[in-house]
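Hydrogens, waters and symmetry mates are skipped; everything else that's a heavy atom, side chains included, is used.
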Amino acid sequence: MNYKYHPILEDLKVNEDGTSIIYKGEVLTPRTYVRKTNTVPSEVVFVGYKVVTVMRVVCECWHGLSENTDFVVRKLDQAKGNHYSNLCWSKQGLSSENFNTLPKFSEEEFIKLKTEQKKDETLTAFLKRKKISIKAYYTAKNRYEQKSQ
């Protein structure tokens, strides 16, 4: 079993999937924590006086610390567990339903959409008529117009 040490906490080492966490020579036992607002239970360990999720410890040991304080640990696939290859840093607030999904429409569809707008029609009215969210439109605009320039 391969272990990696935590970049900040001395004497904390974790295996690839977080099933074995050792802190100062003592094996830590993960406990299941169910929050009232979240239906997905998370495994936590007590490191000193802090409660830390197993996902976070594994990700910090195997991928390093987050570059941005707005980032949290995400599972790429919920079924694959806490293996380090299944974890990544992601922006906080991104829901798991739309994480790693394809855009609402392709570049060709976006270009076609821009040509369908009438000259006297506002963008908001046009998007309401086409039943497209403003966020989806601007996400596609930022993605495809920067790419073509």
Handout entry: Side-chain donor-acceptor pair present, Ser66, Asn68, cut-off under 3.5 Å
Key = no
Problem - Test applied, salt bridge (charged side-chain N to carboxylate O under 4.0 Å, His left out); reference residue, Lys130; option that passes from Glu116, Glu121, Glu109 - result: Glu116
Problem - Over 12 foreign heavy atoms within 6.0 Å of OH, Tyr5 - result: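 Counting other residues, nucleotides and ligands, OH of Tyr5 stays at 12 neighbours or fewer.
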If you measure from [atom1] on [X] to [atom2] on [Y], what distance do you get to the nearest 0.5 Å?
{"X": "Thr122", "Y": "Arg129", "atom1": "OG1", "atom2": "CZ", "answer": "10.5 Å"}
{"X": "Tyr137", "Y": "Leu127", "atom1": "OH", "atom2": "CG", "answer": "7.0 Å"}
{"X": "Asn15", "Y": "Ile22", "atom1": "CG", "atom2": "CD1", "answer": "8.5 Å"}
{"X": "Lys4", "Y": "Cys61", "atom1": "NZ", "atom2": "SG", "answer": "9.0 Å"}
{"X": "Ile21", "Y": "Phe46", "atom1": "CD1", "atom2": "CZ", "answer": "12.0 Å"}
{"X": "Thr139", "Y": "Lys141", "atom1": "OG1", "atom2": "NZ", "answer": "12.0 Å"}

Hydrophobic cluster membership, [X] vs [Y], 4.5 Å side-chain cutoff:
{"X": "Val47", "Y": "Val44", "value": "no"}
{"X": "Trp62", "Y": "Leu65", "value": "no"}
{"X": "Leu123", "Y": "Leu113", "value": "yes"}
{"X": "Val54", "Y": "Tyr33", "value": "no"}

Check: [Y] and [X] side chains under 4.5 Å, non-hydrogen atoms:
{"X": "Lys75", "Y": "Lys80", "answer": "no"}
{"X": "Phe126", "Y": "Lys118", "answer": "no"}
{"X": "Cys88", "Y": "Leu76", "answer": "yes"}
{"X": "Glu43", "Y": "Asn82", "answer": "yes"}

Problem - Closest heavy-atom pair and its distance - Ile8, His6 - result: N-ND1, 3.0 Å
Problem - Contact summary for Ser20 and Tyr3, nearest pair of heavy atoms - result: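 So the two residues come closest at OG-OH, 2.6 Å.
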Show every donor-acceptor pair shorter than 3.5 Å between a side-chain atom in residues 25-32 and any protein atom, with sequence neighbours excluded, or say none if there are none.
none

Practice task
Identify whether the distance between the nearest side-chain nitrogen and carboxylate oxygen of Arg56 and Glu60 falls below 4.0 Å.
Solution key: yes
Problem - Whether His63 side chain and Leu87 backbone form a donor-acceptor pair below 3.5 Å - result: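 Yes; at least one donor-acceptor contact below 3.5 Å.
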Handout entry: Short side-chain to backbone donor-acceptor contact, Asn86 and Asp77, under 3.5 Å
Key = yes
Handout entry: Ring centroid separation Phe71 to Trp89 under 6.0 Å
Key = no
Problem - Ring geometry between Phe110 and Tyr144 (parallel below 30°, tilted from 30 to 60°, perpendicular above 60°) - result: tilted
